[in-house]
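Comments concern the structure below.
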Amino acid sequence: MNTMNQTNKIQAAYYVGNKGFEISTTQAVPPAADEVRLAVGYVGICGTDMHIYHGVMDQRVAPPKVIGHEMSGTIVELGESVSGFALGDEVVVRPLDYCDDCPACDAGHSHICHNLKFMGIDSPGAFQDYWTVKARTLHKLPKSVSLKQGALIEPLAVACHDVARARLVAGEKAVIIGGGPIGQLVAQVAKSTGADVLISEVNESRLAFAKGNGILTVNPVEQNLSEYVSEWTEGKGADVVFEVSGVKQAIEAMTEIAAVRARICMVAIHSEKPAIDLFQFFWKELELLGARVYEYQDFEKAIELLANKEIDIEPYITSVSILSEINKAFEQMSGNPQGMKALVSCQAMAENSTVVGS
């Protein structure tokens, strides 16, 4: 087994419920034959992490649990059967643990495995200074992509999957309903295809963020979205609509603004079963496409977009905190529409471990 210098003790942030994290020293997990051990560089805080923080996923997460899945790191230990990777490789993790033995996996769709476990939710995650994972989850980062940028590969891969599912091509008109972090990234990936892109969003700071990154915007509270899209598309309607907001009004709008034979990509998770205007699907021959997480090629595409500088990911990094201040990082992102992506640095620990919580 190949190893770099590292310790047998690790620092990990355990979500303990009630908006609290406890920093603990625990034993390192040695890699099995098909696993690697990573020195975790940076971990991003995503919407799912915020749901966990607010206690709405406690039954699934079963605290205390180390969470976190948007990450970058460096290989410091290799399992004996691991090939294709070397000590010192900088990588990101595609945090899906699939069974490889169900109808979905057999059909080549392991990302929606019938028995899928999401790393950092259903199993221990990345908010620790060392993390042991299966080698099959790794993607190498080129030298042109930093570890800090690498922590945003996972959400960018979500956007790549959404755009791929929608089959968006150059010259088409795409409307993204919802300008949160994923909606903004979908807009950037869509723009990289050569499509014309519009974000519909009600929050002024998110509208300003999109404009600052070269995306056309509309506030549906101030302007009628259907009329705006009709004028923008010269009466045709949008070729592709991405629903990323998860609100009832978006469900009503998505079929209105869609062109004949448009594709609607459902990205958002809706807390309640929405009423959908099925008549519009009949009348316009629309398609509704689901998009869940990502596949291997979506991670590779996301890395390629950053490596080739087709997307500038730096503006998405709102803040960087150290692991011992993780609760502060979550507090700052809670209910903060200005925030896009908070990162936690897991190799920059404060001198003493502390317990933090609300």
Side-chain angles (χ1 to χ4, degrees), residues 1-32 35-46 48-50 52-53 58 61-79 87-93 95 97 118-134 137-138 141 146-148 150-152 154 317 319-334 341-358:
M1 187 175 292
N2 296 318
T3 63
M4 294 175 66
N5 291 333
Q6 15 93 36
T7 176
N8 290 323
K9 297 289 185 180
I10 64 173
Q11 299 289 314
Y14 286 84
Y15 165 70
V16 294
N18 193 30
K19 299 182 182 179
F21 288 87
E22 179 179 329
I23 306 295
S24 297
T25 300
T26 186
Q27 194 70 27
V29 178
E35 295 179 331
V36 303
R37 187 176 170 197
L38 305 175
V40 179
Y42 296 89
V43 185
I45 298 174
C46 79
T48 301
D49 297 324
M50 293 305 303
I52 294 171
Y53 174 73
D58 280 3
V61 172
K65 175 75 69 68
V66 180
I67 66 170
H69 58 272
E70 300 180 355
M71 64 79 64
S72 62
T74 305
I75 297 175
V76 295
E77 191 170 358
L78 292 164
L87 297 178
D89 281 350
E90 293 185 343
V91 297
V92 294
V93 169
D97 190 7
F118 203 99
M119 299 158 63
I121 299 175
D122 304 308
S123 61
F127 282 122
Q128 52 187 311
D129 51 9
Y130 292 92
W131 191 25
T132 300
V133 300
K134 291 179 180 177
T137 68
L138 300 181
L141 288 177
S146 70
L147 286 176
K148 193 178 290 185
L152 278 78
E154 193 269 0
I317 301 174
S319 63
V320 181
S321 306
I322 60 176
L323 186 61
S324 60
E325 296 178 351
I326 186 172
N327 203 63
K328 183 178 179 181
F330 271 82
E331 286 175 356
Q332 290 174 341
M333 291 301 289
S334 182
K341 189 61 60 178
L343 300 185
V344 175
S345 172
C346 292
Q347 294 301 310
M349 281 294 294
E351 267 190 323
N352 300 311
S353 299
T354 56
V355 175
V356 291
S358 59

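Note that the numbering runs from 1 along the sequence shown for the chain.
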For the side chain of [X] and the backbone of [Y], is there at least one donor-acceptor N/O pair under 3.5 Å apart?
{"X": "N2", "Y": "L78", "result": "no"}
{"X": "Y130", "Y": "A28", "result": "no"}
{"X": "K148", "Y": "Y42", "result": "no"}

With respect to V91, which candidate in V133, L141, I75 satisfies the side-chain contact (heavy atoms from CB on, under 4.5 Å) definition?
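By the side-chain contact (heavy atoms from CB on, under 4.5 Å) criterion, V91 pairs with just one of V133, L141, I75: I75.
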Here's a test for you: under side-chain contact (heavy atoms from CB on, under 4.5 Å), which of V29, T74, V76 qualifies with R37?
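Filter result, single survivor: V76.
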Heavy atoms, side chains only, cut-off 4.5 Å: are [X] and [Y] in contact?
{"X": "N8", "Y": "Q27", "value": "yes"}
{"X": "T137", "Y": "D97", "value": "no"}
{"X": "C46", "Y": "K341", "value": "yes"}
{"X": "V92", "Y": "S72", "value": "yes"}
{"X": "T48", "Y": "I67", "value": "no"}
{"X": "I10", "Y": "W131", "value": "no"}

Identify the heavy atoms of [X] and [Y] that sit nearest to each other, and give their distance.
{"X": "A12", "Y": "V66", "result": "CB-CG2, 3.9 Å"}
{"X": "E35", "Y": "A32", "result": "OE1-N, 2.8 Å"}
{"X": "E154", "Y": "H69", "result": "OE2-CD2, 3.3 Å"}
{"X": "L323", "Y": "C346", "result": "CD1-SG, 4.1 Å"}
{"X": "A126", "Y": "V40", "result": "O-CG1, 3.5 Å"}
{"X": "A151", "Y": "G44", "result": "CB-N, 4.5 Å"}

Say you draw a straight line from [atom1] of [X] to [atom2] of [Y]; how long is it, rounded to the nearest 0.5 Å?
{"X": "M50", "Y": "I52", "atom1": "CE", "atom2": "CD1", "value": "10.5 Å"}
{"X": "N327", "Y": "K19", "atom1": "CG", "atom2": "NZ", "value": "9.5 Å"}
{"X": "L343", "Y": "S321", "atom1": "CG", "atom2": "OG", "value": "8.5 Å"}
{"X": "I45", "Y": "M333", "atom1": "CD1", "atom2": "CE", "value": "6.5 Å"}
{"X": "L138", "Y": "D89", "atom1": "CG", "atom2": "CG", "value": "9.0 Å"}
{"X": "T25", "Y": "D129", "atom1": "OG1", "atom2": "CG", "value": "8.5 Å"}

Among all residues two or more places apart in sequence or in another chain, which pass the salt bridge (charged side-chain N to carboxylate O under 4.0 Å, His left out) test with D122?
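So D122 forms a salt bridge (charged side-chain N to carboxylate O under 4.0 Å, His left out) with R60.
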Walk me through whether F330 and D49 qualify under side-chain contact (heavy atoms from CB on, under 4.5 Å).
CA-CA 9 Å; F330 271 82; D49 297 324; 3.9 Å; yes
Whether F21 and F127 hold their rings parallel, tilted or perpendicular, with breakpoints at 30° and 60°
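Aromatic pair F21/F127 classed perpendicular.
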